[in-house]
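None of these values were measured; they are calculated from a predicted model. Values below: all heavy atoms of this structure, side chains included; hydrogens, waters and symmetry mates excluded. In this chain, residues are counted from 1 in sequence order.
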Amino acid sequence: MLTHDIHVHTFLSRCGKPDAIPEDYIKKAKEQGIKVLGFSDHLWDSDVEGATPWYQSQNLEHLLKIKELLPKQIDGIKILIGCETEYCGNGKVAITKEHAKMLDYVLVPVTHFHWKGLVLPSHITSSKDMAKLMVDRFREAVQLGVATGIAHPFVPGGHTDRLEEILSYISNDEFEECFGLAAENNVSVEIQTQMHTRDDNGEYMDVYCRMFEIVKKAGCKVHIGSDAHSMSMFGITDNLRRFVADCQLTEDDILPLVRA
């Protein structure tokens, strides 16, 4: 199961570091036994209004540069070119359905709450309200018709200092509804190795193990995503292996796209 990573940013993302070079990722992927590698640079489609200055240069034309440069297979590794787009609520996603079809996959985040005003409404401040917003946005995003997978689900960006408090307001029944809806729409959820499997002590967080046990029960598929913005963030960790084993996730639970 741990032979893919489809949430990897390159230097083409404005948050990508200078060492985030596809060739170096591919070399490290081979060393780690990764068979499917997906590049997911940030994208705000120029055909969709509302891009912030940060997003404006990261359009489809910009992203497709990497697709032109890389073959579909290198050294036995399957190369996928996708994107991490943006979801702002009320049905507004930053990629058109037509352009989504030009990519191998589309990751849709619903919790970039550090984007105040753009993603997080200014009136949402309490942990309880953030929890409700994450649930509502998840339900909406899996029904947009563009998402292959949901990036870092239920990770409240910019507010991880109170992550467990926020997630305490989401019941198992709500998780079951969300992941059942994702399964119905063939949308996977991401095991985000930079957050779902880490706490201050370097161990995975029990709340996410609870969540992914429900993911499995609901029949929802999963994918692995390091959300790497540099080489130091990329790779399969022992902590991730323990997390996957303890959640009893197997190859049958992974998104078919990422099977080698």
Side-chain angles (χ1 to χ4, degrees), residues 7 9 13-16 40-60 62-63 83-97 99-100 106-175 177-179 181-182 185 187 189-190 192 194-196 198-200 205 207-208 211 225 227 229 233:
H7 192 165
H9 294 278
S13 284
R14 289 191 65 185
C15 55
S40 310
D41 285 312
H42 289 286
L43 178 144
W44 190 296
D45 198 329
S46 55
D47 286 357
V48 179
E49 294 183 358
T52 64
W54 190 87
Y55 265 119
Q56 285 171 359
S57 63
Q58 299 179 98
N59 55 25
L60 184 68
H62 178 77
L63 183 144
C83 74
E84 180 182 13
T85 188
E86 194 64 78
Y87 183 59
C88 301
N90 298 315
K92 184 174 183 178
V93 64
I95 189 171
T96 67
K97 290 183 178 180
H99 288 170
V106 174
L107 300 182
V108 178
V110 300
T111 57
H112 277 164
F113 287 175
H114 57 286
W115 285 116
K116 295 180 180 179
L118 180 69
V119 176
L120 180 68
S122 57
H123 68 278
I124 300 291
T125 57
S126 74
S127 295
K128 185 175 182 179
D129 286 345
M130 284 189 191
K132 182 180 185 303
L133 184 63
M134 286 197 292
V135 170
D136 291 344
R137 291 276 176 87
F138 187 99
R139 291 175 181 142
E140 295 166 9
V142 297
Q143 299 180 84
L144 290 171
V146 298
T148 307
I150 301 298
H152 39 70
F154 299 99
V155 177
H159 301 273
T160 54
D161 57 322
R162 49 181 168 139
L163 186 150
E164 291 187 277
E165 178 189 348
I166 293 170
L167 294 186
S168 71
Y169 288 104
I170 303 176
S171 69
N172 285 358
D173 287 343
E174 288 174 308
F175 275 142
E177 180 188 355
C178 285
F179 299 133
L181 196 57
N185 287 274
V187 177
V189 295
E190 182 173 284
Q192 212 274 358
Q194 295 298 321
M195 178 53 67
H196 288 156
R198 179 174 298 172
D199 65 12
D200 290 340
M205 304 182 73
V207 64
Y208 286 122
M211 191 176 89
D227 198 5
H229 292 74
M233 297 171 68

What pair of heavy atoms forms the shortest contact from [X] to [Y], and how long is it?
X: H196; Y: P153; value: NE2-O, 3.0 Å
X: V155; Y: T111; value: O-OG1, 2.7 Å
X: I95; Y: C83; value: CD1-SG, 4.1 Å
X: E84; Y: A151; value: OE2-CB, 4.1 Å
X: A147; Y: A141; value: CB-O, 4.1 Å
X: Y169; Y: E165; value: CD1-O, 3.2 Å

Can a donor-acceptor pair be found, under 3.5 Å and without considering hydrogens, that links the side chain of [X] to the backbone of [Y]?
X: T85; Y: L43; value: yes
X: Y87; Y: G91; value: yes
X: T160; Y: L163; value: no
X: Q58; Y: D41; value: no

Please determine, by modelled atom types, if H7 and Q192 share a side-chain donor-acceptor pair under 3.5 angstrom.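 Their side chains do not contain a donor-acceptor pair, so the 3.5 Å distance test is not met.
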Atom pair [atom1] ([X]) and [atom2] ([Y]), whose distance is rounded to the nearest 0.5 Å:
X: L107; Y: E190; atom1: CG; atom2: CD; value: 6.0 Å
X: M211; Y: L167; atom1: CE; atom2: CG; value: 7.5 Å
X: T96; Y: D45; atom1: OG1; atom2: CG; value: 4.5 Å
X: H9; Y: S40; atom1: NE2; atom2: OG; value: 6.5 Å
X: W44; Y: E49; atom1: CH2; atom2: CD; value: 10.5 Å
X: D47; Y: L60; atom1: CG; atom2: CG; value: 8.5 Å

Return the set of residues passing ring pair (Phe, Tyr, Trp, His ring centres under 6.0 Å) with F175 (not counting sequence neighbours), or none when no residue passes.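 Per chain and number, F175 pairs via ring pair (Phe, Tyr, Trp, His ring centres under 6.0 Å) with F154, F179.
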Within a reach of under 6.0 Å around NZ of K97, are more than 12 heavy atoms found that belong to other residues, nucleotides or ligands?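 No - once you tally the heavy atoms of other residues, nucleotides and ligands closer than 6.0 Å, there are 12 at most.
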For the side-chain contact (heavy atoms from CB on, under 4.5 Å) test, which of V108, L144, V142 pairs with V187?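 In the set V108, L144, V142, the residue that makes a side-chain contact (heavy atoms from CB on, under 4.5 Å) with V187 is V142.
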Would you call the rings of H112 and H42 parallel, tilted or perpendicular, where under 30° means parallel and over 60° means perpendicular?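 Rings of H112 and H42: tilted, as their planes differ by 30° to 60°.
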Tell me, please, which residues at least two apart from N90 pass side chain to side chain contact (heavy atoms under 4.5 Å, CB included).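 Partners of N90 under the side chain to side chain contact (heavy atoms under 4.5 Å, CB included) test: none.
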Evaluation steps, side-chain contact (heavy atoms from CB on, under 4.5 Å), between F113 and I124: CA-CA 10 Å; F113 287 175; I124 300 291; over 6 Å; no
Residues 128-137 side chain polar contacts: donor-acceptor under 3.5 Å, at least two apart:
from : atom 1 : to   : atom 2 : distance (Å)
D129 : OD2    : S126 : OG     : 3.2
K132 : NZ     : D136 : OD2    : 2.7
D136 : OD1    : R139 : NH1    : 3.1
R137 : NH1    : V119 : O      : 2.9
R137 : NH2    : C88  : O      : 3.4
R137 : NH2    : V119 : O      : 3.1

What I'd like to find out is whether the side chain of H159 reaches to under 4.5 Å of the side chain of L120, using heavy atoms alone.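 Answer yes - side chains close enough.
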